[in-house]
Amino acid sequence: MNRAARKDPGRFVTFEGGEGSGKSTQIKLLAEHLRKADYDVLETREPGGSPNAEAIRQFLLSGMAEGKGPRAEAMLFTAARMDHVEQTIRPALESGTWVLCDRFMDSTRVYQGMDLDTETVDLLEKIAVDKTRPDLTILLDLPARLGLQRALSRDPDGIKDRFEKEDEAVHEARRQAFLQLAAADPKRFAVIDASKPAHIVDSMVWKACRRRFGIRTPMGV
Ligand code: Z5A
C-alpha cells in the first residue's frame, strides 16, 4: 500500500524564482525522489494547470493583457489560480497526493505586486488561494543575467513571451523582491543557490524537502 492509500497527507511544494532559474528541471528531479520514496506526486504549473487556466495562460503570455495594466493582469492570474486550485491542487492534496507547482502566489506578489498596493495583492491572494497555502516554497536564486542566458540557450530562436522581453534590471529587481519575501517568511521558504550545476541544486532541494517534512530514506534525513 502506498502512502496516499495509507492516508498520509498530501503536501504542497511550490517553486519560485526568475526566468531560467531551473524550476522545471528541479520539479522533475524532486518528483523522482518522492516517487522512489513511495509518494504519489502531481507536477503542475502556473499560469495553467487546469484547462481553463491554460486558456488564460495563452492570453497572458501572448501579451494581450499587457495594455490593460497591472490590475487587470493580476486579476487574470488570480482567475487562473482560482480555477487551478479548485480543479487540480485541492483535490490532489485531499487525496493524499503531493503537489509540486512551478510558480504560485509569490510570483503574483513579485511580478504584478511591484505595480500594485499590498491590500489589492492580499485580497487577490485570499480570493484565489484561501487556505490552500504552500507547505514549502523552494526559491531558486541566481543572478538574473545567468537565468536569462540559460533561458536563451534553451531556445535561441524562440519568440520571447510577454515577460521574457523585459530587460535585465527588471528581472534583477524581481530577484530582490523574491529574496525579501523569503526573508519575511523563513519557515515556509528554502532559498537555494541555483547558480550551481543541476545535480548539486537537486541534492540541496531534496535535503530541504526531507528536513521540512521529516522524510527518512536509507541515507537518513
Ligand atoms: N507570472 C506572473 O507574472 N505572475 C504570476 O502570478 C505567475 C507567473 C504565476 C510564466 O513563464 C511567466 O508568467 C513568468 C512569470 C509570469 N515569466 N517570466 N519571466 P513560463 O512558465 O513560460 O516560464 P518561467 O516560469 O519563467 O520558467 P522558465 O523560463 O521555463 O524556466 P525554468 O523552469 O525556471 O528553468 P528550466 O526550464 O528548468 O531551465 C532553463 C534552462 O537552463 C534549460 O535549458 C535547463 O536545461 C537549464 N538548466 C536548468 N538548471 C540548470 C543548472 N543548474 N545549470 C545549468 N543549466 C541549467
Side-chain angles (χ1 to χ4, degrees), residues 14-31 43-50 53-54 56-66 68-85 88-89 100-116 120-121 124-125 127-129 134 137-175 177-178 181 192-205:
T14 57
F15 282 69
E16 299 280 4
E19 173 79 5
S21 54
K23 299 179 303 302
S24 319
T25 304
Q26 293 303 324
I27 282 179
K28 282 192 179 58
L29 293 168
L30 179 59
E43 297 163 54
T44 187
R45 68 168 180 185
E46 289 213 344
S50 64
E54 288 291 333
I56 298 173
R57 177 188 176 92
Q58 300 304 324
F59 186 71
L60 278 163
L61 296 194
S62 70
M64 285 172 76
E66 191 179 0
K68 311 273 180 216
R71 280 174 88 88
E73 211 170 51
M75 284 167 75
L76 284 163
F77 277 107
T78 300
R81 179 161 306 129
M82 199 169 115
D83 195 69
H84 184 208
V85 168
T88 306
I89 296 175
L100 309 186
C101 189
D102 189 337
R103 297 194 181 280
F104 196 60
M105 60 192 202
D106 300 299
S107 281
T108 301
R109 255 177 214 283
V110 167
Y111 282 79
Q112 285 68 52
M114 282 163 75
D115 297 313
L116 294 174
T120 302
V121 182
L124 293 176
E125 188 173 290
I127 291 168
V129 173
T137 297
I138 303 282
L139 174 55
L140 296 178
D141 176 57
L142 83 176
R145 176 174 299 207
L146 181 53
L148 292 169
Q149 279 167 4
R150 284 184 188 171
L152 190 65
S153 65
R154 176 187 53 192
D155 193 10
D157 303 320
I159 299 165
K160 291 186 173 181
D161 73 28
R162 143 90 178 85
F163 297 95
E164 286 167 337
K165 281 187 294 187
E166 288 163 328
D167 64 24
E168 190 186 317
V170 175
H171 286 278
E172 191 56 42
R174 288 183 184 138
R175 176 193 185 195
F178 272 124
L181 288 181
I192 306 282
D193 179 358
S195 67
K196 301 269 190 272
H199 70 281
I200 307 270
V201 180
D202 168 40
S203 62
M204 291 191 287
V205 169

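All values below come from the heavy atoms of this structure, side chains included, with hydrogens, waters and symmetry mates left out. Numbering of ligands and ligand atoms starts at 1, following listing order.
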Problem - Matching residue for T14 among D106, T137, D102 - test: side chain to side chain donor-acceptor pair (under 3.5 Å) - result: T137
Exercise for the section: Kindly confirm or rule out an N or O of E46 lying under 3.5 angstrom from an N or O of ligand 1. Expected result: no
Problem - Atom CE of M204: over 12 foreign heavy atoms under 6.0 Å - result: yes
Completion exercise
Under 4.0 Å from one or more heavy atoms of A198, ligand 1 contributes atoms 52 (C), 53 (N)
Exercise for the section: Starting from atom 17 (N) of ligand 1, find the nearest protein heavy-atom neighbour and note its residue, name and distance. Expected result: F163 CB, 3.3 Å
Exercise for the section: Count the heavy atoms of every other residue, nucleotide or ligand shown that sit under 6.0 Å from CE of M64, and state whether that count exceeds 12. Expected result: no
Problem - Atoms in ligand 1 flagged as close to T108, the criterion being non-hydrogen separation under 4.0 Å - result: 5 (C), 6 (O)
Handout entry: G22-ligand 1 polar pair, N/O distance under 3.5 Å
Key = yes
Completion exercise
NE2 of H84 to CZ of F77, rounded to nearest 0.5 Å, is 13.5 Å
Handout entry: For R71, side chain to side chain donor-acceptor pair (under 3.5 Å) partners two or more places apart
Key = none
Problem - Which of the ligand 1 atoms, numbered from 1, are nearer than 4.0 Å to a heavy atom of Q112 - result: 2 (C), 3 (O), 4 (N), 5 (C), 6 (O)
Exercise for the section: Could you say whether the N/O atoms of G20 and ligand 1 ever approach to under 3.5 Å? Expected result: yes
Problem - Atom indices of ligand 1, in the order listed, that fall short of 4.0 Å to a heavy atom of R57 - result: 20 (P), 21 (O), 22 (O)
Handout entry: Residue and atom name of the nearest protein heavy atom (relative to atom 2 (C) of ligand 1), distance in Å to one decimal
Key = F77 CZ, 3.1 Å
Exercise for the section: May I ask you to identify, for S195, whether its side chain, its backbone, both or neither come under 4.0 Å of ligand 1 on a heavy-atom basis? Expected result: neither
Exercise for the section: List the closest protein heavy-atom neighbour of atom 48 (N) of ligand 1: residue, atom name, distance to the nearest 0.1 Å. Expected result: R150 CD, 4.1 Å
Exercise for the section: Answer yes or no: does an N/O atom from H171 fall short of 3.5 Å to an N/O atom of ligand 1? Expected result: no
Problem - Heavy atom of the protein closest to atom 34 (O) of ligand 1 (residue, atom name, distance) - result: K23 NZ, 2.7 Å
Exercise for the section: Just do the side chain to side chain contact (heavy atoms under 4.5 Å, CB included) check on L142 and R150 with the steps written out, would you? Expected result: CA-CA 11 Å; L142 83 176; R150 284 184 188 171; 3.5 Å; yes
Problem - Those residues that, when tested against D115, pass salt bridge (charged side-chain N to carboxylate O under 4.0 Å, His left out) (two or more places apart) - result: none
Fill in the blank from the handout: protein heavy-atom neighbour closest to atom 53 (N) of ligand 1 works out as K196 O, 2.8 Å
Handout entry: Which residue and heavy atom of the protein sit nearest atom 37 (O) of ligand 1, plus the separation
Key = R154 NH1, 2.8 Å
Problem - Between E19 and H171: side-chain donor-acceptor atoms closer than 3.5 Å - result: no
Handout entry: Proximal ligand 1 atoms for T25, defined as those under 4.0 Å from one of its heavy atoms
Key = 36 (P), 38 (O), 39 (O), 45 (C), 49 (C)
Practice task
Report the nearest protein non-hydrogen atom to atom 33 (O) of ligand 1: residue, atom name, distance rounded to 0.1 Å.
Solution key: S24 OG, 2.5 Å
Practice task
Could you please spell out the steps behind the salt bridge (charged side-chain N to carboxylate O under 4.0 Å, His left out) verdict for R45 and E54?
Solution key: CA-CA 9 Å; R45 68 168 180 185; E54 288 291 333; 2.7 Å; yes
Fill in the blank from the handout: Of T88, D83, T44, the one forming a side chain to side chain donor-acceptor pair (under 3.5 Å) with S50 is D83
Problem - Side chains of L181 and R109 in contact at under 4.5 Å (non-hydrogen atoms) - result: yes
Handout entry: Within-shell test, R81 vs ligand 1, heavy atom, strictly < 4.0 Å
Key = yes
Practice task
Starting at CZ of R175, measure out to CG of D141 and round the result to the nearest 0.5 Å.
Solution key: 4.0 Å
Problem - Lys/Arg-Asp/Glu bridge criterion (N-O < 4.0 Å) met for R174, E16 - result: no
Fill in the blank from the handout: protein heavy-atom neighbour closest to atom 19 (N) of ligand 1 works out as E19 OE1, 2.8 Å
Practice task
Determine whether the side chain, the backbone, both or neither of L61 has a heavy atom under 4.0 Å from any heavy atom of ligand 1.
Solution key: side chain
Exercise for the section: Determine whether any heavy atom of P47 lies closer than 4.0 Å to an atom of ligand 1. Expected result: yes
